[in-house]
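What follows is one structure encoded as structure tokens, with my remarks underneath.
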Amino acid sequence: MRKVGIIGLGHVGATLAYTLVTENVVDELVLIDKDEKRAISEEYDLLDAQVFLTGKTKIIIQDYQALKDASVIVFCAGQISALGDDGDRFKELEITSKIVEETAPKIKQSGFDGIIITITNPCDVIAAYMQKQTGFETTKVFGTGTMLDTARMQQAVSRNVSIDSRNVGGYVYGEHGDSQFVAWSTVTIGDRPLLTWDSELDLNQLDEAVRAGGWNAFAGKGYTSYGIATCGARLIRMILNDAKTIVPVSAYDDQMDSYYGQPVVIGKNGIESFISCPLTEKEQNSLKESVQIIKDGLANLPFKQ
Ligand SMILES: NC(=O)c1ccc[n+]([C@@H]2O[C@H](COP(=O)([O-])OP(=O)(O)OC[C@H]3O[C@@H](n4cnc5c(N)ncnc54)[C@H](O)[C@@H]3O)[C@@H](O)[C@H]2O)c1
């Protein structure tokens, strides 16, 4: 049985639930929110949608015990309005770290033994904190990290060279936040390294376009949902299908003793292995700086284990 739980049914969680139901990704979906009325409404709305669909997804709401035999939990509880006008993801930390403290014991008590994907911001710090609070293996708790930022890089490059974004390879590394960076040495168009591309691409400008990508999607509506929900659904498929697909997510690296966005292999065990790309010296320095910001965020948490 394909069973998944979603904790937090705001813009992100509701869109993810809708995506999983319309794409028939799961047999059972457990939906949990601190707002009971919201959970009930989402259940009715999803059941209405199913009348027009070919698949059938059983919806269970507000039941942590039902998570016991789920394969994946997606954690997207938070308060997007706390982000403010500048989109600083650390502004949510005081709220979201408390939500982790509240929900992690309930996840543990349910007997859940699967993979936790965290989306909640600040994404890398929350992934780390969820791992600490649950005590689960680091390979079984990871954040969506720079997966969405990498998609934004693919888009930005695609726009500049007029080639399909799906033909752009490579990774955004580090924090899902302002200190992230495109590792240009890893970026390819087709199989060709971008750095050997003929046209005069302004990498600094592209870097900025990638960093600003989230803000562009956020600014006019005060949240983002489609990109991240699709990203979450894709990760769930990878786990359920044991796909062994390479994607950049926020995973724990014991050498740097930190979670951060980097390419890994995703399968039924969560993080199956790491893809160590040979970064340039400049990229390695950018990574160290970015990782330090994530570490400081975790160290500054007022709520210790
Ligand atoms: N990692 C990414 O790329 C990415 C992208 C988009 C959004 N986000 C983050 O995802 C999170 C959710 O975003 P959103 O727009 O859906 O926010 P939202 O404010 O619309 O929804 C958050 C939901 O969490 C619920 N919630 C709060 N505390 C809870 C608790 N203790 N238990 C269960 N549910 C609880 C709220 O009731 C609400 O329904 C935010 O932290 C946001 O910053 C991350």
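Just so it is clear, the structure is predicted and the values come from calculations on it, not from any experiment. Start at 1 and go down the list; that is how both ligands and their atoms are numbered.
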Next item on the list: Give yes or no for whether the N/O distance cutoff of 3.5 Å, strictly under, is met between Asp35 and ligand 1.
Entry: no
Check: In the protein, what heavy atom is nearest to atom 28 (N) of ligand 1, and what distance, to one decimal place, separates them?
Finding: Ile99 CD1, 3.3 Å
Note to self: Here's one to test your reading of the geometry: is the NZ or CZ of Lys140 within 45 degrees of the ring axis of Phe112 and under 6.0 Å from its centre?
What the structure shows: no
Next item on the list: Just say parallel, tilted or perpendicular for the rings of Tyr259 and Tyr252, cut-offs at 30° and 60°.
Entry: tilted
Margin query: Under a 4.0 angstrom heavy-atom cut-off, which atoms of ligand 1 come close to Thr144?
Written below: 1 (N)
Item checked: ligand 1-proximal atoms of Arg89, by part, heavy-atom distance under 4.0 Å -> neither
Checklist line | From the candidates Ile32, Ile80, Thr15, the one that places a heavy atom nearest atom 19 (O) of ligand 1 | finding: Ile80
Check: Of the listed options (Gly78, Gly8, Ala14, Gly177), which comes nearest to atom 27 (C) of ligand 1 when hydrogens are ignored and any heavy atom counts?
Finding: Gly78
Note to self: Heavy atoms only: which of Gln62, His176, Glu92 lies closest to atom 40 (C) of ligand 1?
What the structure shows: Glu92
Notebook entry, point to check: Is the side chain of Thr15 donor-acceptor paired with the backbone N or O of Ser225 at a distance under 3.5 Å, no angle test?
Noted result: no
Next item on the list: State which residues pass salt bridge (charged side-chain N to carboxylate O under 4.0 Å, His left out) with Asp253; sequence neighbours excluded, sorted by chain then number.
Entry: none
Next item on the list: Determine whether the side chain, the backbone, both or neither of Cys76 has a heavy atom under 4.0 Å from any heavy atom of ligand 1.
Entry: backbone
Check: Is a salt bridge present between Lys58 and Asp27, judged by a nitrogen-to-oxygen distance below 4.0 Å?
Finding: no
Next item on the list: Look only at the side chain of Glu175 and the backbone of Ile293, and say whether a donor-acceptor pair between them is shorter than 3.5 Å.
Entry: no
Note to self: Which residue and atom name correspond to the protein heavy atom nearest atom 9 (C) of ligand 1, and how close is it?
What the structure shows: Asn121 ND2, 3.6 Å
Notebook entry, point to check: Is ligand 1 under 4.0 Å from a heavy atom in the side chain of Ile119, in the backbone, in both, or in neither?
Noted result: both
Check: Quick one: nearest non-hydrogen protein atom to atom 37 (O) of ligand 1, plus distance?
Finding: Asp33 OD1, 2.6 Å
Item checked: Leu148 contact mode with ligand 1 (heavy-atom cut-off under 4.0 Å) -> side chain
Notebook entry, point to check: Who's closest to atom 7 (C) of ligand 1 heavy-atom-wise, of Thr96, Leu9, Val12?
Noted result: Val12
Margin query: Give the atom numbers and elements of ligand 1 that come within less than 4.0 Å of a heavy atom of Gln79.
Written below: 19 (O)
Note to self: Just to be sure I read this right, does ligand 1 sit under 4.0 Å from the backbone of Glu102, its side chain, both, or neither, counting only heavy atoms?
What the structure shows: side chain
Next item on the list: Start with the C-alpha gap between Ser179 and Ser290, add the side-chain angles, then the distance that decides, and say whether side chain to side chain donor-acceptor pair (under 3.5 Å) holds.
Entry: CA-CA 5 Å; Ser179 69; Ser290 189; 2.7 Å; yes
Next item on the list: Within a distance under 4.0 Å of any heavy atom of Arg38, pick out the atoms of ligand 1 and give their elements.
Entry: 39 (O)
Item checked: Lys/Arg N to Asp/Glu carboxylate O, Glu23 vs Arg237, below 4.0 Å -> yes
Margin query: Under a 4.0 angstrom heavy-atom cut-off, which atoms of ligand 1 come close to Ala77?
Written below: 24 (O), 26 (N), 29 (C), 34 (N), 35 (C)
Notebook entry, point to check: Where is the nearest protein heavy atom to atom 20 (O) of ligand 1: which residue, which atom, and how far?
Noted result: His11 ND1, 2.8 Å
Note to self: Is there a path of hydrophobic side-chain contacts, each under 4.5 Å between heavy atoms, that joins Ile119 and Met238?
What the structure shows: yes
Check: Looking only at N/O atoms, are Thr224 and ligand 1 under 3.5 Å apart anywhere?
Finding: no
Notebook entry, point to check: Where does the angle between the aromatic ring planes of Phe181 and Tyr173 fall among parallel (under 30°), tilted (30 to 60°) and perpendicular (over 60°)?
Noted result: parallel
Notebook entry, point to check: Looking at Lys98 and Glu102, does any basic side-chain N land under 4.0 Å from a carboxylate oxygen?
Noted result: no
